[in-house]
Amino acid sequence: MIGWTKSCPNIALPLHLPPSKGIVHMTSQFSPKSDFLRTLMDRGFIHQCSDFEGLDQKARSGMLTAYVGYDCTAPSLHIGNLISAMMLHWFQQTGHRPITLMGGGTTRVGDPSGKDETRKLLTVEQIEDNKNSIKGVFGKLLTYAPDGNGAILIDNAEWLTKLNYIDMLRDIGRHFSINRMLTMDSVKLRLEREQELSFIEFNYMILQSYDFVELARNYNCSLQMGGSDQWGNIVNGVDLGRRMGTHQLYALTTPLLTTASGAKMGKTASGAVWLNADMFSPYDYWQFWRNTEDADVSRFLKLFTLLPLDEIARLTALAGSEINEAKKVLATEATALLHGRLAADEAAETARKTFEEGMAAETLPSFNLPVGTGLLSANVAVGFASSNSNARQLVESGAVRINDVVITDTRRVLLADDFRDGAIKLSMGKKKHVLIKA
């Protein structure tokens with residue numbers, strides 16, 4: 001199907017390649033010669049590849065085109081999507097052409113990967129609104145242009161919504177084995193847990209595979225990248241391309257994004273870390289990175305900033321309490337990349353004033369709540385807690401403060417006397433602060 005597979009140091013061998021004649025699993029070390037793969041390897045992006053040597057050689061021989069797909073299930077992407085977007089950034093920086101594929105078509109079906117239940121089906125209008133809200137993020141990481149290695153933004157609704165069902169079964173569906181589809185993690189795990197998998201979800205991997213074929217035929221695309229949970233879907237696209245007569249296609253995935261302690265990265269007490277500023281403020285984004293575990297600082301500087309590797313090595317060589325300076329650099333650089341240098345510097349200065357000078361800086365996130373609002377409801381409203389019961393636990397544990405005074409009374413309300421110069425400083429723990437204005 002796709003020749004052989006080599007494993008790089010600390011890079012896992014593919015576990016779910018569709019069985020096909022000619023695949024060889026090799027364990028020898030691999031040192032890429034192309035700028036693209038060398039950059040990704042040095043910065044820690046690579047988990048699996050369908051053919052390291054073949055892709056490396058092709059990346060050295062001229063400009064490649066690669067894509068990552070993003071379904072429009074919410075008005076914003078989250079931090080889990082950022083790692084693949086950064087892959088596209090470095091792909092373009094090393095001379096190649098990236099495609100951001102919006103899933104206007106596949107979102108109507110719903111990807112079952114990593115899900116225990118069927119995704120809620122969205123209306124066409126909701127999907128379109130989400131797509132328009134998401135698109136702005138990519139312009140901060142990629143340069144779009146109609147020629148050269150300028151990035152391209154495409155919506156797979158352009159071809160998926162035009163497919164005739166009978167023609168799709170005959171021309172595309174005949175290349176898929178049900179036996180093999182049942183071995184894919186997105187299907188197998190759901191069945192093993194005896195959780196329902198709808199017929200519409202079962203078709204998702206066929207549509208994603210066909211996306212690769214369309215992009216190969218019409219845009220000379222040779223590579224699909226994505227998270228490790230997409231491995232089965234991506235290699236199915238590689239195989240479908242071979243069966244439908246495209247040029248050689250390749251698959252490349254990133255590791256699952258977890259912290260050094262093993263926790264899945266990208267969640268806070270109040271929910272997902274969104275990339276859109278209106279859903280997760282630049283200040284909260286800065287704080288998210290500032291709270292990075294010591295053992296993750298080097299890895300996250302490589303993945304989520306544009307700093308040179310020698311500068312990253314210098315920062316992560318800091319010991320003891322000095323590692324906090326590296327965390328501040330991580331927070332500022334990651335925030336500047338997504339929200340701009342001005343917003344990043346303002347967030348850093350707000351944090352400095354709040355934590356180093358003890359001031360309730362005016363640039364803290366602010367919320368308008370009426371006098372008399374319950375403390376539990378206030379914590380939910382500002383995002384410190386996900387529910388009243390969660391807020392009750394935080395208050396009872398002594399984690400919540402009003403104007404730097406610990407409050408443990410769960411029946412407490414916001415009083416007129418609490419407002420100082422028109423605002424209350426509400427804090428949760430040592431690092432989360434907001435201003436409440438009446």
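- Side chain of D239 to main chain of V235: no donor-acceptor pair is present (N/O by atom type, distance under 3.5 Å, no hydrogens or angles).
- A donor atom on one side chain and an acceptor atom on the other are not found under 3.5 Å apart for Q208 and D211.
- The ring pair (Phe, Tyr, Trp, His ring centres under 6.0 Å) test with F36 is passed by exactly one of F52, W90, F91: F91.
- In this structure a side-chain-to-backbone donor-acceptor pair under 3.5 Å is present from Q92 to T143.
- A salt bridge is absent between D42 and K302; no separation between the charged side-chain nitrogens and carboxylate oxygens falls under 4.0 Å.
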inquiry  = As a quick check of understanding, evaluate side-chain contact (heavy atoms from CB on, under 4.5 Å) for I152 and Y219, giving each step before the final call.
reply    = CA-CA 10 Å; I152 311 170; Y219 296 90; 4.1 Å; yes

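- Residue M41 comes nearest to I46 through the heavy atom pair N-CD1, 3.8 Å, listed as atom of the first residue, atom of the second, then distance.
- The aromatic ring centroids of Y144 and F138 lie 6.0 Å or more from each other.
- L257 contributes atom CG, which lies 11.0 Å from atom CG of D229 (distance to the nearest 0.5 angstrom).
- Rounding to the nearest 0.5 Å gives a distance of 10.0 Å between CG of L394 and CG of L375.
- Taken to the nearest 0.5 Å, the CG atom of L369 stands 5.0 Å off from the CD1 atom of I436.
- Of the possible polar contacts, none joining the D296 side chain to the T292 backbone as a donor-acceptor pair under 3.5 Å is found.
- Under a 3.5 Å cut-off, the side chain of H89 and the backbone N or O of L142 do not form any donor-acceptor pair.
- Between E333 and R341, at least one side-chain nitrogen of the basic residue sits less than 4.0 Å from a carboxylate oxygen of the acidic one, meeting the salt-bridge criterion.
- Remark: side-chain polar atoms of N379 are not paired, donor with acceptor, to backbone N or O of A391 under 3.5 angstrom.
- Side-chain contact check for M86 versus F45: some heavy-atom pair is nearer than 4.5 Å.
- A donor and an acceptor atom, one from each side chain of S222 and H247, are located under 3.5 Å apart.
- Y70 has its side chain within reach of N81: a pair of non-hydrogen atoms, C-beta onward, lies under 4.5 Å apart.
- Scanning all heavy atoms of the two residues, the minimum distance from F212 to L223 falls at CZ-C, 3.7 Å.
- Without hydrogens or angle criteria, R299 side chain to G44 main chain gives no donor-acceptor distance under 3.5 Å.
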Under the side-chain contact (heavy atoms from CB on, under 4.5 Å) rule, what do I79 and F288 come out as? Steps first, then yes or no, please.
CA-CA 11 Å; I79 207 166; F288 172 80; 3.2 Å; yes

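- A side-chain donor-acceptor contact under 3.5 Å links N276 and S133.
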Kindly determine whether R108 and I127 satisfy side-chain contact (heavy atoms from CB on, under 4.5 Å), including the steps that lead there.
CA-CA 8 Å; R108 302 187 194 187; I127 293 170; 3.5 Å; yes

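- The structure places CG of L207 at 8.0 Å from CG of N156, a figure rounded to the nearest 0.5 Å.
- Residues L426 and H433 fail the side-chain proximity criterion, which asks for heavy atoms closer than 4.5 Å.
- In E396, the CD atom is crowded: over 12 heavy atoms of neighbouring residues, nucleotides or ligands sit closer than 6.0 Å.
- Counting heavy atoms from C-beta on, the side chains of F176 and L240 come closer than 4.5 Å.
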May I have the step-by-step check of side-chain hydrogen bond (donor to acceptor under 3.5 Å, both in side chains) for N233 and Q230, ending in yes or no? CA-CA 5 Å; N233 289 345; Q230 292 294 312; 3.3 Å; yes

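- No salt bridge links D310 with R314; every basic N to acidic carboxylate O contact stays at or beyond 4.0 Å.
- At least one side-chain heavy atom of L88 sits under 4.5 Å from a side-chain heavy atom of T100.
- The distance from the OG atom of S209 to the CD atom of E214 is 13.0 Å, given to the nearest 0.5 Å.
- Two residues are said to be in side-chain contact when any heavy atoms from C-beta on lie closer than 4.5 Å; D155 and L101 fail this criterion.
- The closest donor-acceptor contact from the side chain of S281 to the backbone of A277 lies at 3.5 Å or more, if one exists at all.
- Annotation: side chain of V406 is not in contact with side chain of V400 (no heavy-atom distance under 4.5 Å).
- Aromatic pair F304/W289: ring centres closer than 6.0 Å.
- Put simply, the residue from W286, F280, Y285 that forms a side chain to side chain contact (heavy atoms under 4.5 Å, CB included) with H339 is Y285.
- S76 contributes a side-chain N or O that, together with a main-chain N or O of L275, makes up a donor-acceptor pair within less than 3.5 Å.
- Scanning all heavy atoms of the two residues, the minimum distance from N130 to P75 falls at OD1-N, 3.3 Å.
- Around NZ of K33, the count of heavy atoms belonging to other residues, nucleotides or ligands within 6.0 Å does not exceed 12.
- Of the possible polar contacts, none joining the E349 side chain to the E346 backbone as a donor-acceptor pair under 3.5 Å is found.
- Summarising the geometry of A336 relative to A344, their closest heavy-atom pair is N-CB, 3.5 Å, with the distance given to 0.1 Å.
- A donor-acceptor contact closer than 3.5 angstrom is absent between the side chains of S228 and H47.
- Here NZ of K131 is found 5.5 Å from NZ of K135. Values are rounded to the nearest 0.5 Å.
- Y283 and T335 share no donor-acceptor pair across their side chains, judged by distance under 3.5 Å alone.
- A heavy-atom distance below 4.5 Å is found between the side chains of S377 and N388.
- For R97 (side chain) and G150 (main-chain N/O), a donor-acceptor pair under 3.5 Å exists by modelled atom type.
- Contact detail for P282 and A343: the closest heavy-atom pair is CB-CB, 4.1 Å.
- Tested against S34 for a side chain to side chain contact (heavy atoms under 4.5 Å, CB included), the candidates D56, T39, L55 yield a single pass: D56.
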request  = Please step through side-chain contact (heavy atoms from CB on, under 4.5 Å) for the pair M244 and R217, ending with a clear verdict.
outcome  = CA-CA 10 Å; M244 297 186 72; R217 287 173 170 174; 3.6 Å; yes

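- A donor-acceptor contact under 3.5 angstrom links the side chains of Y204 and D71, judged on distance only.
- Closest approach of A251 to I234, counting heavy atoms only: CB-CG2, 3.3 Å.
- Under 3.5 Å, the side chains of T65 and N220 contain no donor-acceptor pair of N or O atoms.
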